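The structure appears right after this line, and notes come after that.
Excluded from the calculations below are hydrogen atoms, water molecules and symmetry mates; all remaining heavy atoms, backbone and side chain alike, are included. Note that the structure is predicted; figures quoted are calculated from it, not measured.
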Amino acid sequence: MAHTITLIPGDGIGPEVANATRRVLEASGVKIEWEVQEAGAAIAEKRGTTLPDEVLESIRRNKVALKGPIGTPIGKGFRSVNVTLRQALDLYANVRPIRSLPGIEPRFEGTDIVIVRENTEDLYAGLELMIMPGVAQSIKLITAKACLRICEYAFDYAQKMNRKRVSVAHKANIMKLSDGLLLECFRKVALDYPRIEPYEVIVDACAMNMVRNANKLDVIVTENLYGDILSDLGAGLVGGLGIVPGANIGLECAVFEAVHGSAPDIAGQGIANPTALIQSSVMMLHHLGEHTAATKIEKGLLSTFEAGVRTVDLGGQVGTEEFTRTLCEAIGRA
Ligand code: NAI
């Protein structure tokens, strides 16, 4: 039976990596009917909104979406479509596995950690105001409800995936109430998971530990902003933003997207690395129970990288098209 899935190609390099990912999924043999939906600046010109209602309706109906990156203006302009989507669908857990791949020189051999980022509140709540000229205020919103469910998600994930430790990255020495609440919830949830070791680390020390011995941290659970920054740091450990996937998970729906943004500096040049979105689509296939197709793509990726076929961001020579074609052929042999 075919799965009906919402596809948001996004902007910048989004349509290029989304197209590559569609071809790779097709090569894996999985049957998917796509409902293509537009969101972001381009649609705003036609529709007067960056996130038309039918995009949310399509995801609510299909329960699963694959999404390319969508750019957000800096310091002015419309609110991030990505943040709005996560909040509107209550996609509270942002799961980002950070693993080294063969043939891509990592900072450290065998890096294998997972960041579980709270996805709906913190400084991303969008509560900002100018108190007076020259004085701006952003409100960091943290609730026990969101802290408990993200900690439960992280411990559950660790248990299911046979992980040993969940590390909470916080700044409760300074933000005693907000980050203190996260820590309190983490300690409470940890009691229900006696086989998983809880580990508390201040977020700045966490960043330092990530570049010294990341695997010690294992699964990292943290707030929205810290999670955003630590994920890019993690991507840097394993070869860059071109390879790290992500999943936004809620109780009703899930939206799979890469960690990277729309990369306007390379958009339209045919050199974007589609691996991060392809790996996100592998997470999507596992979520759908399509493990055979997921394994085929994973094997295809391994043999493609082992053969030294890499895009330019990874120090290779090939563009998006050649990488995708080689990968599709490898999947055919897997
Ligand atoms: P970015 O991730 O788009 O790019 C950072 C650097 O990494 C650039 O040099 C880019 O060329 C490179 N890069 C990223 N992905 C790549 C890929 N697949 N292949 C090869 N090189 C790649 O981050 P930046 O420049 O900070 O943000 C650009 C726009 O993307 C902004 O408008 C931002 O708001 C948006 N953004 C959207 C996200 C989403 O849709 N979930 C996430 C992060 C940023």
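Within the cation-pi definition used here (under 6.0 Å to the ring centroid, within 45° of the axis), Arg117 qualifies as a partner of Tyr124.
Within 6.0 Å of CD on Gln137 lie more than 12 heavy atoms contributed by other residues, nucleotides or ligands. Summarising the local packing, CD of Gln317 is surrounded by 12 or fewer heavy atoms from other residues, nucleotides or ligands at distances under 6.0 Å. The neighbour count for Met130 CE, taken as heavy atoms of other residues, nucleotides or ligands under 6.0 Å away, is above 12. More than 12 heavy atoms of other residues, nucleotides or ligands shown are found within 6.0 angstrom of CG on Leu129. Atom CD of Glu306 has more than 12 neighbouring heavy atoms from other residues, nucleotides or ligands inside a 6.0 Å radius. Counting non-hydrogen atoms of neighbouring residues, nucleotides and ligands closer than 6.0 angstrom, the CZ atom of Arg60 exceeds 12 such neighbours.
Contact annotation: the side chain of His3 approaches that of Glu290 to within less than 4.5 Å [non-hydrogen atoms, C-beta and beyond]. Looking at heavy atoms from C-beta onward, Ile220 lies out of side-chain contact with Tyr226 at the 4.5 angstrom threshold. At a threshold of 4.5 Å between non-hydrogen side-chain atoms, the residues Leu301 and Leu327 count as touching. With a 4.5 Å cut-off on side-chain heavy atoms, Val24 and Cys328 count as touching. The closest side-chain heavy-atom distance from Phe256 to Val64 is below 4.5 Å. Contact annotation: the side chain of Val203 approaches that of Leu230 to within less than 4.5 Å [non-hydrogen atoms, C-beta and beyond]. Contact check for Val221 versus Tyr153: no side-chain heavy atoms found under the 4.5 Å cut-off. Asn215 is not listed as a side-chain neighbour of Phe108, based on a closest heavy-atom distance of 4.5 Å or more.
A salt bridge is defined here as a Lys NZ or Arg NE, NH1 or NH2 lying under 4.0 Å from an Asp or Glu carboxylate O, and Asp156 with Arg149 fails to meet this definition. Salt-bridge formation is not detected for the pair Lys46/Glu38: no Lys NZ or Arg NE/NH1/NH2 atom is positioned less than 4.0 Å from an Asp or Glu carboxylate oxygen. A salt bridge links Glu223 with Lys140: the closest approach of a Lys/Arg side-chain nitrogen to an acidic carboxylate oxygen falls below 4.0 angstrom. Ionic pairing of Lys171 and Asp179 is not present here: no N-O contact between side-chain nitrogen and carboxylate oxygen is shorter than 4.0 angstrom. Between Glu128 and Arg79 there is no salt bridge, since no side-chain nitrogen of the basic residue lies less than 4.0 Å from a carboxylate oxygen of the acidic one.
A donor-acceptor distance shorter than 3.5 angstrom exists from the side chain of Ser100 to the backbone of Thr111, with no hydrogens or angles considered. Checking side-chain atoms of Glu121 against main-chain N and O of Thr143 turns up a donor-acceptor pair under 3.5 Å. A donor-acceptor pair is defined here as one N or O able to donate and one able to accept, closer than 3.5 Å; such a pair exists between the side chain of Gln87 and the backbone of Thr120. At least one donor-acceptor pair under 3.5 Å links the side chain of Ser167 to the backbone N or O of Leu217. Put simply, the side chain of Asp218 never gets that close to the backbone of Arg163: no donor and acceptor are under 3.5 Å apart. A side-chain donor-acceptor contact under 3.5 Å links Asn82 to the backbone of Ile70. Judged by distance alone, the side chain of Asp11 and the main-chain N or O of Gly71 form a donor-acceptor pair under 3.5 Å. Listed for the Thr50 side chain is no donor-acceptor partner under 3.5 Å among the backbone atoms of Val81. A donor-acceptor pair is defined here as one N or O able to donate and one able to accept, closer than 3.5 Å; such a pair exists between the side chain of Asn248 and the backbone of Val255.
In the hydrophobic clustering of this structure, Val244 does not group with Leu225; members are Ile, Leu, Val, Met, Phe, Trp, Tyr whose side-chain heavy atoms approach within less than 4.5 Å, directly or through other members. In terms of hydrophobic clustering, with Ile, Leu, Val, Met, Phe, Trp and Tyr side chains grouped at heavy-atom distances under 4.5 Å, Leu56 and Tyr92 are assigned to different clusters. At a threshold of 4.5 Å between side-chain heavy atoms, the hydrophobic network of Ile, Leu, Val, Met, Phe, Trp and Tyr places Ile243 and Leu241 in one connected group.
Here the CD1-NE2 distance, from Ile249 to His287, works out to 5.5 Å after rounding to the nearest 0.5 Å. Atom CG of Asp122 is separated from atom OG1 of Thr222 by 8.0 Å, given to the nearest 0.5 angstrom. In this structure, the separation between CG on Leu66 and CG on Leu25 is 7.0 Å, given to the nearest 0.5 Å.
Between Phe186 and Tyr199, the distance separating the two ring centers is not shorter than 6.0 angstrom.
The side chain to side chain contact (heavy atoms under 4.5 Å, CB included) test with Asn224 is passed by exactly one of Val83, Ile150, Asn119: Asn119.
Inspection of the Arg96 and Ser231 side chains reveals an N or O donor paired with an N or O acceptor under 3.5 Å. There is a side-chain donor-acceptor pair under 3.5 Å between Ser58 and Glu35.
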